[in-house]
Number of protein chains: 2
Amino acid sequence: MRAYVRVLKQNRLKITPRRKAVIGIFMKCGLNLSPYDVYAKLKKKLPKLGLPTVYRILAELKDSGILVQSLSDDRLLRYALCTLPHQHHHHFTCRKCNRMEEVDFCTFKAVSRFIENRLNAKVETHQLQIGGLCSKCK
Amino acid sequence: MRAYVRVLKQNRLKITPRRKAVIGIFMKCGLNLSPYDVYAKLKKKLPKLGLPTVYRILAELKDSGILVQSLSDDRLLRYALCTLPHQHHHHFTCRKCNRMEEVDFCTFKAVSRFIENRLNAKVETHQLQIGGLCSKCK
DNA sequence: TCGCAAATAGAAATGATTTCTATTTATACC
DNA sequence: GGTATAAATAGAAATCATTTCTATTTGCGA
């Protein structure tokens, strides 16, 4: 949490109970969560919390690099803690428990070369979504 | 178009002017399109066309394997023609003109082995989104 | 050609996300 | 520690993509 507070300060964001609570939920869960998931988990402790506040905080934390946004089949907003913020990596998501784990191994260079040759295109970005069952759910 | 009509019949879908028009738009464009994109392109020729009809037809064509659904950063529904329906492949999307091209080359096996060893997880699915500039937009 | 199930239009509902405004709060400065 | 101020928040309301519903129309098998 100490490190995240530092990042908030670097980004000129005030250290509010809401922001710390949102980060805390992600630290505790290790899952990728929708805004409503976060809202529901915090509602007991913070009964006056509003859903728009959750949306805004999640966007700020993403802009600060604390969270990453993940694309999912349901096309809802989803976020997860990012512990490798400055390193290229991908994410594995468990389809059962929604746990998200980082994968710092990538073979995309060969694909990129293939595309640039075959299609005569310029490859700039790639995102890989990996799904399956985590060690606990297997 | 002949081939697509056959697929519609195989799936017990009637050959209606709307369905043929939707397929025609994708054949002409080679882009990935949102339901509203399709609606806007057809509205001149078919002034009585309704947006819910477009949504339904797109879902049917996807279920028949004629279209693929693609995840995009804006989290809107997007579809594109799929010309390799029974073969594992990925898609390259141009960020400028939105053209979508198929890439039948994949190096995911190594990543999958890495994850199964490192995380002790079972990998079931993967989706790769590749962005950049196509040959025309470069 | 005819009858019927499938397809469609148009209106309305749904539900995630964003915007707006008045109030509260963290913090820089004394 | 107190205070001023800009940032943060709650709650209501708006927005907008998508889906549902119902009455009408249409493709196509018999």
Side-chain angles (χ1 to χ4, degrees), chain A residues 1 4-25 32-64 66-67 69-79 98, chain B residues 1 4-25 32-64 66-67 69-79 98:
Chain A
M1 178 62 83
Y4 295 125
V5 168
R6 188 174 338 113
V7 176
L8 289 180
K9 283 183 181 165
Q10 284 166 0
N11 286 272
R12 290 170 180 67
L13 295 171
K14 293 181 177 172
I15 315 304
T16 68
R18 315 258 117 140
R19 286 184 179 137
K20 289 206 285 188
V22 169
I23 294 171
I25 285 293
N32 75 49
L33 300 171
S34 69
Y36 190 86
D37 290 339
V38 174
Y39 174 77
K41 282 175 188 295
L42 289 176
K43 198 61 183 174
K44 303 154 201 164
K45 291 272 174 101
L46 301 167
K48 293 180 64 187
L49 177 68
L51 197 44
T53 300
V54 174
Y55 274 86
R56 193 177 25 71
I57 290 177
L58 291 172
E60 292 160 350
L61 296 181
K62 175 195 158 196
D63 291 341
S64 306
I66 293 173
L67 298 180
Q69 195 178 329
S70 65
L71 295 176
S72 63
D73 292 337
D74 58 15
R75 286 175 298 114
L76 303 187
L77 277 174
R78 286 190 173 278
Y79 297 90
N98 229 18
Chain B
M1 177 61 83
Y4 296 124
V5 168
R6 189 175 337 114
V7 176
L8 289 180
K9 282 182 180 167
Q10 283 166 1
N11 286 273
R12 289 170 181 64
L13 295 172
K14 293 182 178 174
I15 316 305
T16 68
R18 315 260 115 137
R19 286 187 179 135
K20 288 206 285 189
V22 169
I23 294 172
I25 286 292
N32 75 50
L33 300 171
S34 70
Y36 191 85
D37 291 339
V38 173
Y39 174 77
K41 282 176 188 292
L42 289 176
K43 198 63 182 173
K44 304 155 200 161
K45 291 271 175 100
L46 301 167
K48 293 180 63 185
L49 177 68
L51 196 46
T53 299
V54 174
Y55 273 86
R56 192 176 26 71
I57 290 177
L58 292 172
E60 291 160 349
L61 296 180
K62 176 196 159 199
D63 291 342
S64 305
I66 293 174
L67 299 180
Q69 195 179 328
S70 64
L71 294 176
S72 62
D73 292 337
D74 57 15
R75 286 175 297 114
L76 303 187
L77 277 173
R78 288 191 173 276
Y79 297 90
N98 227 16

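Letters A, B, ... mirror the listed sequences (proteins, then strands); counts begin at 1.
- Residue A:Ile57 is the one, among A:Ile57 and A:Pro52, whose nearest nucleotide of DNA chain D lies closer to the 5' end (criterion: closest heavy atom).
- Annotation: side chain of A:Leu76 is not in contact with side chain of A:Tyr36 (no heavy-atom distance under 4.5 Å).
- Using a 4.0 Å heavy-atom distance criterion, B:Lys14 is classed as a base contact.
- When rounded to the nearest whole Å, the span between CZ of A:Arg19 and P of D:dT9 equals 5 Å.
- With distances taken from any side-chain atom of B:Leu13 to the nucleotides D:dC28, D:dT18, C:dA7, the minimum falls on C:dA7.
- Taking side-chain N and O atoms only, B:Tyr55 has a distance below 4.0 Å to OP1 or OP2 of D:dT18.
- Atom-to-atom, CG of B:Leu76 to P of C:dG15 comes out at 19 Å; the value is rounded to the nearest Å.
- Taking 4.5 Å as the limit, some side-chain heavy atom of A:Leu61 sits within range of a side-chain heavy atom of A:Leu8.
- Taking atom NZ of A:Lys48 as the reference point, atom P of D:dA8 lies 18 Å away to the nearest angstrom.
- At whole-Å resolution of the value, CZ in A:Arg78 and C1' in C:dT17 are 15 Å apart.
- Considering every non-hydrogen atom in both B:Leu58 and B:Pro35, the closest pair reads CD1-CA, 3.6 Å.
- A:Arg12 has no side-chain polar atom (N or O) that falls below the 4.0 Å cut-off from OP1 or OP2 of D:dA7.
- The two residues A:Leu13 and A:Ser64 have their closest heavy-atom pair at CD1-OG, 3.5 Å.
- Rounded to an integer number of Å, the gap from OH of A:Tyr39 to C1' of D:dT9 is 13 Å.
- Within the nucleic acid shown, A:Arg56 comes within 4.0 Å of at least one base atom, counting heavy atoms only.
- Look at A:Ser34 and you won't find any side-chain N or O under 4.0 angstrom from OP1 or OP2 of C:dA16.
- Going from atom CG of A:Leu51 over to atom P of C:dT17 covers 9 Å, rounded to whole Å.
- Contacts of A:Pro47 with the nucleic acid, taken as non-hydrogen atoms under 4.0 Å apart, are absent.
- Nucleotide D:dA17 holds its C1' atom 13 Å from the CG atom of B:Leu58, rounded to whole Å.
- For B:Asp74 and C:dT18, the CG to C1' distance is 16 Å, given to the nearest whole Å.
- Toward the 5' end of DNA chain C, the nearer of the two residues A:Lys9 and B:Thr16, judged by each one's closest nucleotide, is B:Thr16.
- Side chains of A:Asn11 and A:Glu60 form no contact here, defined as non-hydrogen atoms less than 4.5 Å apart.
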